[in-house]
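Everything on this sheet refers to the single structure shown next.
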Amino acid sequence: MITETEAYIGPHDLASHAARGRTKRNEPLFGPPGTFYVYLVYGLHWMLNVVTGAVDYPAGVLLRSLEGIEGPGRITKTLGITGQLNAKAASKQTGVWFSEGIRPTRKRVVRSARIGVDYAGPVWSAKPYRFVLTE
DNA sequence: CATTTGATTCACT
DNA sequence: GTGAATCAAATGA
């Protein structure tokens, strides 16, 4: 069960790695939806993202917490995910995929500002693009 | 080619 | 509350 996510939407989103155009690092974000975007931050933590936008439109979702695992860096550490999954598709072929679960009511999803994106400026760092599943 | 900087976490003070 | 760990890619000279 995924319990916390953050959205990074489009080339105009200054908090997104895609804000400064297509680069070698964010290339997977421009790929087809369902593709994983995995990258290293601070030299030690892998971040797991899923591409959600159409081809050539950079949009993705960062998985911040799963049930029982809090923190994006801990998810990858616990699941053993590294850069080898980058640009791979979410499917049984690659070993990591999503299965149908329950659909929470809207009331259980709380929106808030994204974390650790102060560099994006006051406007974009304040966008309520963080989604947390509550009890 | 040198420097800067993170979609963070953990250990201390 | 503050700071270190640690590295690849982006940016600048």
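In what follows, chains carry the letters A, B, and so on, assigned in the order in which the sequence lines appear, proteins first and then strands, with residues in each chain numbered from 1. What's counted below: heavy atoms across the whole structure, side chains too, no hydrogens, waters or symmetry copies.
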Roughly how many Å apart are dA2(B) and dT6(C), using the P atom of each and rounding to a whole number?
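These two P atoms come out 22 Å apart once rounded.
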Using the P atom as the point on both nucleotides, what is the distance between dA7(B) and dG1(C), in whole Å?
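Result for the P pair: 22 Å, nearest Å.
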Lys/Arg N to Asp/Glu carboxylate O, E6(A) vs R64(A), below 4.0 Å:
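Looking at R64(A) together with E6(A), the answer is yes, because their closest N to O distance falls below 4.0 Å.
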Okay, side chain of [X], backbone of [Y]: is any donor-acceptor separation there less than 3.5 Å?
| X | Y | value |
| --- | --- | --- |
| N26(A) | G21(A) | yes |
| Y119(A) | A15(A) | yes |
| T94(A) | A89(A) | yes |
| T5(A) | L63(A) | no |
| T76(A) | W46(A) | yes |
| S125(A) | A120(A) | no |

Taking [atom1] from [X] and [atom2] from [N], how many angstroms apart are they, rounded to a whole number?
| X | N | atom1 | atom2 | result |
| --- | --- | --- | --- | --- |
| L44(A) | dA7(B) | CG | C1' | 14 Å |
| N86(A) | dA7(B) | CG | P | 15 Å |
| I75(A) | dA7(B) | CD1 | C1' | 12 Å |
| W46(A) | dT8(B) | CH2 | C1' | 14 Å |
| R25(A) | dT5(B) | CZ | P | 14 Å |
| L48(A) | dT8(B) | CG | P | 14 Å |
| N26(A) | dA7(B) | CG | C1' | 13 Å |
| D118(A) | dT5(B) | CG | C1' | 14 Å |

Touch check for Y37(A), heavy atoms < 4.0 angstrom, all strands: base, sugar-phosphate only, or nothing?
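Base contact.
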With a non-hydrogen cut-off below 4.0 angstrom, is R114(A) in contact with a base, only sugar-phosphate, or nothing?
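Nothing, no heavy atom under 4.0 Å.
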Of the options dA7(B), dT9(B), dT8(B), whose atoms approach the side-chain atoms of R74(A) most closely?
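Of all the options, the side chain of R74(A) is nearest to dT9(B).
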So which nucleotide from dA7(B), dG6(B), dT9(B) ends up closest to the side chain of P72(A)?
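Among the listed nucleotides, the one closest to the side chain of P72(A) is dT9(B).
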Within the structure, does a side-chain N or O atom of [X] lie under 4.0 Å from either OP1 or OP2 of [N]?
| X | N | value |
| --- | --- | --- |
| R130(A) | dA7(B) | no |
| H45(A) | dA7(B) | no |
| Y42(A) | dC10(B) | no |

Need two values: the first and the last nucleotide of DNA chain C, 5' to 3', having an atom under 4.0 Å from any heavy-atom of chain A.
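So the contact region on DNA chain C extends dA5(C) to dT11(C).
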Within the supplied structure, the quantity of interest is the number of heavy atoms (other residues, nucleotides, ligands) at a distance under 6.0 Å from Q84(A) CD; does it exceed 12?
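Correct, the count exceeds 12.
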With a sphere of 6.0 Å drawn around CZ of R20(A), does it hold more than 12 non-hydrogen atoms of other residues, nucleotides or ligands?
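No, not enclosed.
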Any idea if dA10(C) is syn or anti, going by the 90°-from-0 cut?
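What dA10(C) shows is an anti base, its glycosidic angle lying more than 90° from 0.
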Could you walk me through whether W124(A) and Y8(A) satisfy the side chain to side chain contact (heavy atoms under 4.5 Å, CB included) test, starting with their C-alpha distance in whole Å, then the side-chain angles of each, then the deciding distance to 0.1 Å, before giving a yes or no?
CA-CA 10 Å; W124(A) 287 96; Y8(A) 290 84; over 6 Å; no
A correct dot-bracket answer for DNA chain B, with pairs being Watson-Crick or G-U at under 3.5 Å, [ ] for crossing pairs and | for inter-strand pairs, is ||||||.|||||.
